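Everything numeric here is computed off the predicted structure, so don't read it as measured data.
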Amino acid sequence: MSNLVIPWRTRLALKVLSVVTDMSRRSDGTINRCLLNLLDFKSSPSPNKPVRSVFSSDITVDPTRNLWFRLYTPENSPASLPVLIFFHGGGFSFLSAASSTYDAVCRRFARRFPAIVLSVDYRLTPEHRFPCQYDDGFDVLRFLDNNRANGSLPSNADLSKCFLAGDSAGANLAHHVAVRVCRAGFQNVKVIGLVSIQPYFGGQERTRSESQLVGYPLVSVERTDWCWKVFLPDGSDRDHPAVNVSGPNAEDISGLDFPDTIVFVCGLDPLKDWQRRYYEWLRRSGKEATLIEYSNMFHAFYIFPELPESTELFSEVKEFVVRRLSRL
């Protein structure tokens with residue numbers, strides 16, 4: 001990893017995260033949740049006292065499947081704010097909306113834009129396979145559309161100005177939820193933008209980046225193969241449209257009012273070839289899409305605020321949001 005220069009504390013955190021996830025994955029396709037929960041540090045909501053100028057609270061959508069989201073509201077916010085619905089990463093198998101890392105990320109989003117942020121706690125694999133994650137994401141938006149007046153959101157949340165966002169598996173989820181929303185015909189929720197941070201896509205073939213970028217943090221062919229295997233229905237391969245969105249079984253989205261999209265790619269991410277293909281497919285489908293690349297960064301770099309490139313990404317997302325809102 002001679003091209004990768006990162007602070008030693010960040011490097012240590014990445015190493016620990018990789019080791020823990022590898023130790024928790026079992027060869028029979030199950031996960032040691034007890035081990036994971038010991039090391040997945042959680043943050044509690046702060047409904048009465050802001051943390052770094054942002055209040056947070058947990059809202060239940062469906063108690064029968066433990067579907068909920070964490071709501072972030074910036075302190076002293078203006079009369080009207082856009083709404084950002086965020087889906088966390090973790091290969092569909094790890095982490096949650098309560099994980100301290102993602103709690104910090106969502107507070108940054110809420111504070112920087114500013115915006116009302118909803119971080120969705122969707123069901124995880126292998127206990128809950130495809131399409132549970134997409135169902136959960138879509139049902140949160142349907143909940144918002146049907147319950148605008150029930151007090152779940154602050155009065156200054158403007159549902160006509162919604163953005164979907166996610167990183168890694170969360171970005172995959174955000175894409176598929178966006179497609180569903182386009183076909184749903186919601187009354188109150190209008191998704192106008194999609195923030196796709198290093199989306200987790202794949203396929204049967206091995207791309208050049210997957211073959212060459214070996215030994216970089218968090219992502220490896222062996223790890224991604226395992227996550228896809230426990231996510232997909234039995235008998236499916238990685239050219240399933242959930243995985244290979246731009247491949248041989250791709251959905252035709254050319255006729256949909258798909259939201260403007262910004263795609264973030266990193267030069268040291270083994271998934272970067274799939275991410276570029278996603279961007280190119282959006283463009284071929286006639287959709288507005290922007291590609292931003294950090295040539296010397298790795299998968300999930302942006303969750304480490306000590307990296308200057310992390311601050312740059314948040315600035316790029318803010319510019320995208322402001323630019324999109326200015327066209328309304």
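For R52, the CZ atom counts as loosely surrounded, since its 6.0 Å shell holds 12 or fewer non-hydrogen atoms of other residues, nucleotides or ligands. In Q187, the CD atom is not crowded: 12 or fewer heavy atoms of neighbouring residues, nucleotides or ligands sit closer than 6.0 Å. Within 6.0 Å of CZ in R9 there are 12 or fewer heavy atoms belonging to other residues, nucleotides or ligands. Heavy-atom neighbours of K287 NZ from other residues, nucleotides or ligands within 6.0 Å: above the threshold of 12.
Formation of a donor-acceptor pair under 3.5 Å by the W228 side chain with backbone atoms of D237 is not found in this model. In this structure a side-chain-to-backbone donor-acceptor pair under 3.5 Å is present from K318 to R112. With hydrogens and angles ignored, the 3.5 Å screen pairs a side-chain donor or acceptor of K272 with a backbone N or O of G267. Between the S100 side chain and the F41 main chain, a donor and an acceptor come within less than 3.5 Å of each other. The backbone N or O of I292 sits nowhere less than 3.5 Å from a side-chain atom of Y279 that would complete a donor-acceptor pair. Remark: side-chain polar atoms of D40 are not paired, donor with acceptor, to backbone N or O of L36 under 3.5 angstrom. A donor-acceptor pair under 3.5 Å is absent between the side-chain atoms of E210 and the main chain of P270, judged by distance alone. Judged by distance alone, with hydrogens and angles left aside, the side-chain atoms of S93 form no donor-acceptor pair with the main-chain N or O of C227 at under 3.5 Å. With R206 contributing its side chain and S211 its backbone, the two residues share no donor-acceptor pair below 3.5 Å. Under a 3.5 Å cut-off, the side chain of Q133 and the backbone N or O of H128 do form a donor-acceptor pair.
The minimum heavy-atom distance between Q275 and C266, with the atom names listed, is OE1-N, 4.3 Å. Residue A300 comes nearest to Q198 through the heavy atom pair N-OE1, 3.0 Å, listed as atom of the first residue, atom of the second, then distance. Of all heavy-atom pairs spanning M297 and L307, the tightest one is SD-CD1, 4.2 Å. Residues G91 and A169 come closest through the heavy atom pair N-CB, 3.6 Å. For C182 against D257, the heavy-atom pair with the smallest separation is SG-O, 3.4 Å. Residues V189 and L141 share a closest heavy-atom pair of CG2-O, 3.8 Å.
Between atom CZ of residue F314 and atom CZ of residue R108 there is a gap of 4.0 Å, rounded to the nearest 0.5 Å. A distance of 9.5 Å separates CZ of F87 from CG of D136, quoted to the nearest 0.5 Å. S46 contributes atom OG, which lies 8.0 Å from atom OH of Y72 (distance to the nearest 0.5 angstrom). A distance of 10.0 Å separates CZ of R283 from CG of L291, quoted to the nearest 0.5 Å. The distance from atom CG of D167 to atom CG of N172, rounded to the nearest 0.5 Å, is 11.5 Å. Atom CG in D139 sits 11.0 Å away from atom CG in L144 (nearest 0.5 Å).
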With side-chain contact (heavy atoms from CB on, under 4.5 Å) as the criterion, how do V191 and I85 come out once you've worked through the C-alpha distance, each side chain's angles and the decisive distance to 0.1 Å? CA-CA 10 Å; V191 177; I85 298 100; 5.8 Å; no
Could you check Y200 against L173 for side-chain contact (heavy atoms from CB on, under 4.5 Å), going step by step and ending with a plain yes or no? CA-CA 9 Å; Y200 179 38; L173 205 166; over 6 Å; no
Between S236 and R129, does the side chain to side chain donor-acceptor pair (under 3.5 Å) criterion hold? Intermediate values first, please. CA-CA 12 Å; S236 300; R129 291 190 172 219; over 6 Å; no
Could you walk me through whether F163 and L194 pass the side-chain contact (heavy atoms from CB on, under 4.5 Å) test, one step at a time? CA-CA 6 Å; F163 293 80; L194 173 59; over 6 Å; no
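F298 and V16 fall within the same hydrophobic cluster, where Ile, Leu, Val, Met, Phe, Trp and Tyr residues are linked whenever their side-chain heavy atoms come under 4.5 Å apart, directly or through other members. Under the 4.5 Å side-chain heavy-atom criterion for Ile, Leu, Val, Met, Phe, Trp and Tyr, M23 and V20 are members of the same hydrophobic cluster. Hydrophobic clustering of Ile, Leu, Val, Met, Phe, Trp and Tyr side chains at less than 4.5 Å, counting indirect connections, keeps F86 apart from V51. Cluster membership for V243 and V221, using ILVMFWY side-chain heavy atoms within less than 4.5 angstrom, is not shared. The cluster map of Ile, Leu, Val, Met, Phe, Trp and Tyr, joined by side-chain heavy atoms under 4.5 Å apart, puts V83 and F55 in different clusters.
Using a 4.0 Å cut-off between a side-chain N of Lys or Arg and a carboxylate O of Asp or Glu, R142 and D145 do not qualify as a salt bridge. Using a 4.0 Å cut-off between a side-chain N of Lys or Arg and a carboxylate O of Asp or Glu, R70 and D121 do not qualify as a salt bridge. Ion pairing between a basic and an acidic side chain is recognised when a charged N comes within 4.0 Å of a carboxylate O; R180 and D135 show such pairing. Classification of D62 and R123 as a salt-bridged pair fails, no side-chain N sitting under 4.0 Å from a carboxylate O. Ion pairing between D273 and R208 fails under the 4.0 Å rule for side-chain N and carboxylate O. Using a cut-off of 4.0 Å between Lys/Arg side-chain N and Asp/Glu carboxylate O, D103 and K42 are scored as not salt-bridged. Under a 4.0 Å N-O distance rule, the pair R324/E288 does not qualify as a salt bridge.
Between Y134 and F130, the distance from one ring center to the other falls under 6.0 angstrom. Residues H88 and Y122 place their aromatic rings such that the two centres sit under 6.0 Å apart. Checked against the 6.0 Å centroid threshold, F301 and Y294 count as a close aromatic pair. Taking the ring centroids of F113 and F320, they lie at or beyond the 6.0 Å cut-off. For F143 and W68, the gap between ring centers reaches or exceeds 6.0 Å. The ring of F258 has its center closer than 6.0 angstrom to the ring center of H175.
Looking at S99 and T101, their side chains never bring a donor and an acceptor atom within 3.5 Å of each other. D239 and N249 share no donor-acceptor pair across their side chains, judged by distance under 3.5 Å alone. Between the side chains of S254 and S285, no donor-acceptor pair of N or O atoms lies under 3.5 Å. With 3.5 Å as the limit, one finds no donor-acceptor pair spanning the side chains of T290 and R323. Counted by atom type alone, T224 and R238 present zero donor-acceptor pairs between their side chains at under 3.5 Å.
Between I31 and V230, the closest side-chain pair of non-hydrogen atoms is not below 4.5 Å.
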